[in-house]
Amino acid sequence: MFAHDDPLKPPSPVFDEPWQAQALALADSLVGGGHVTATDWAEALGAALRRAEADGAADTLETYYLAVISALEAVTEASVDISPETREARSKAWISAYRTTPHGEPVMLKTTGGADETV
């Protein structure tokens, strides 16, 4: 009997890391919620994969999921009218807030002129 024929053997995980599932779930939510079209998503992901290939990235799951993140950034920038520079600055602010927040405390993003954001 082959290992894949064993009904008692647990199935292999579909994703290597939880963030991979979360990234694809986010894309699915954006499409399902009507924020972007399936065509826009497919085009953004295809463009990100072509860029990775042109840059000489190896054909790996890591390359694929980094392309997913790049495509999510692209469709977000297009759908909410945010510039790549503003998105990058916001991303760096969240990373900084995350790294400086004590374990177990809510992550607070300091904003100027408004209420702090928490995740």
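Residue numbers count from 1 along this sequence.
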request  = Search all heavy atoms of A52 against all heavy atoms of T63 and return the closest pair with its distance.
outcome  = CB-CG2, 3.7 Å
Residue pair A48 / A71: nearest heavy atoms and the distance that separates them = CB-N, 4.2 Å
query = Can you hop from V68 to V31 via hydrophobic side chains spaced under 4.5 Å?
reply = yes
ask   = Would a 4.5 Å heavy-atom cut-off, applied to side chains only, mark Y64 and D59 as touching?
value = no
query = Cut-off 3.5 Å, side chains only: do R87 and T76 have a donor facing an acceptor?
reply = no
inquiry  = Nearest 0.5 Å, please: how far is OG1 in T101 from CH2 in W94?
reply    = 9.0 Å
note = Closest non-hydrogen atoms of H35 and S79, given as atom of the first, atom of the second and distance, are O-CB, 3.8 Å
Spacing of CG belonging to L66 relative to CZ belonging to R51, to within rounding of 0.5 Å = 12.0 Å
request  = Check V75 against A44 and note the closest heavy-atom contact, atom names and distance.
outcome  = CG1-CB, 3.6 Å
key: Over all atoms of both residues, closest heavy-atom pair of L49 and A67   = CD2-CB, 3.5 Å
query = With sequence neighbours left out, which residue pairs that include part of residues 19-31 fulfil the side-chain hydrogen bond (donor to acceptor under 3.5 Å, both in side chains) condition?
reply = none
note = The side chain to side chain contact (heavy atoms under 4.5 Å, CB included) partners of E88 (sequence neighbours excluded) come to K92
task = Would you indicate whether the side-chain heavy atoms of L61 and F15 approach each other to under 4.5 Å?
result = no
inquiry  = Can you list everything that forms a side chain to side chain contact (heavy atoms under 4.5 Å, CB included) with A93? Sequence neighbours excluded, please.
reply    = L109
task = Report the distance from atom CG of D40 to atom CG of L30, rounding to the nearest 0.5 Å.
result = 11.0 Å
